[in-house]
Amino acid sequence: MISRVSDAKLDAFYAEVGDLVRTPEVQKMKQFHHPGTMTCYTHSLFVAYLSFSLARKWGWDYRAAARGGLLHDLYLYNNRDKSAHPGWQCFDHPVAAWRNAKAIAKLSRKEENIILSHMWPFAKYGPHSKEALLVNAVDTFCATLELSR
């Protein structure tokens with residue numbers, strides 16, 4: 001899908017997330033599978049781009065949507081390994097992703113909430129902005145598409 005996007009739109013997207021994409025931590029997401037067949041990296045890039053595009057179209061905070069969307073699954077462990085996290089993956093991974101994201105970037109409060117609340121209503125934290133609701137919906141949409149493949 002991204003290959004059909006104009007160069008100008010991709011340039012605008014990478015202007016917001018390029019610094020994050022180049023970090024070793026985000027690159028490490030390529031080693032971990034998201035539920036389904038995609039890697040966490042591919043899934044997160046897909047979520048980030050769709051969130052960016054919609055937020056920009058609607059005049060919302062597209063930077064926060066893109067960055068929060070990219071970092072929402074930065075948990076950096078094998079989600080199939082039950083010893084890698086203390087409880088249920090659905091509840092654990094937003095907090096792990098938030099901690100990892102804070103270690104690599106200065107996050108806005110909105111970006112932090114996007115990451116922490118992206119599994120709402122299952123997550124411990126609820127969304128505090130329309131961008132957090134957007135990333136939550138886009139993540140659910142993308143995960144549903146991935147699982148239906």
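What's counted below: heavy atoms across the whole structure, side chains too, no hydrogens, waters or symmetry copies.
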Shortest non-hydrogen pair, W60 vs E131, comes out as CB-OE2, 3.4 Å
Rounded to the nearest 0.5 Å, how far apart are CZ of R67 and OG of S108?
8.5 Å
Could you give the distance from CZ (F141) to OG (S51), rounded to the nearest 0.5 Å?
11.5 Å
Taking all atoms of both residues into account, what is the closest heavy-atom pair of A48 and L70, and its distance?
CB-N, 3.4 Å
Does the side-chain contact (heavy atoms from CB on, under 4.5 Å) test come out yes or no for E25 and N100, once each step is laid out?
CA-CA 8 Å; E25 294 82 1; N100 291 334; over 6 Å; no
Shortest non-hydrogen pair, A105 vs L20, comes out as CB-CD2, 3.6 Å
Taking all atoms of both residues into account, what is the closest heavy-atom pair of N136 and S117, and its distance?
ND2-O, 3.2 Å
Could you check if a side-chain atom of D61 sits within less than 4.5 angstrom of a side-chain atom of S129, using non-hydrogen atoms only?
no
Nearest-0.5 Å distance that lies between atom CD1 in I114 and atom CG in L71
10.0 Å
Quick one: do Y62 and Y14 end up in the same hydrophobic cluster if we chain Ile, Leu, Val, Met, Phe, Trp and Tyr together by side-chain heavy atoms under 4.5 Å apart?
yes
What one should report as the nearest heavy-atom pair of A65 and A55 is CB-CB, 3.9 Å
Hey, mind stepping through M29 and T39 against side-chain contact (heavy atoms from CB on, under 4.5 Å) and telling me if it holds?
CA-CA 7 Å; M29 293 170 73; T39 65; over 6 Å; no
What distance separates H43 NE2 from L145 CG, expressed to the nearest 0.5 Å?
10.5 Å
For I104 and V26, the nearest pair of non-hydrogen atoms, with its separation, is CD1-CG2, 4.1 Å
Please assess Y41 against L45 for the test side-chain contact (heavy atoms from CB on, under 4.5 Å), listing each intermediate value before the final yes or no.
CA-CA 6 Å; Y41 177 82; L45 204 56; 4.0 Å; yes
Start with the C-alpha distance between R63 and V17, add both sets of side-chain angles, then the distance that settles side-chain contact (heavy atoms from CB on, under 4.5 Å), and finish with yes or no.
CA-CA 8 Å; R63 178 179 174 82; V17 300; over 6 Å; no
Rounded to the nearest 0.5 Å, what separates atom OG in S44 from atom CG in D73?
4.5 Å
Does the side chain of F13 reach to within under 4.5 Å of the side chain of V21, using non-hydrogen atoms?
no
How long is the straight-line distance from CG of L54 back to OH of Y49, given to the nearest 0.5 Å?
9.5 Å
Is V138 reachable from L133 through a run of hydrophobic residues whose side-chain heavy atoms are each under 4.5 Å from the next?
no
In the single-linkage hydrophobic clustering (I, L, V, M, F, W, Y; side-chain heavy atoms under 4.5 Å), do W98 and Y125 co-cluster?
yes
R99 side chain to V95 backbone, donor-acceptor under 3.5 Å
no
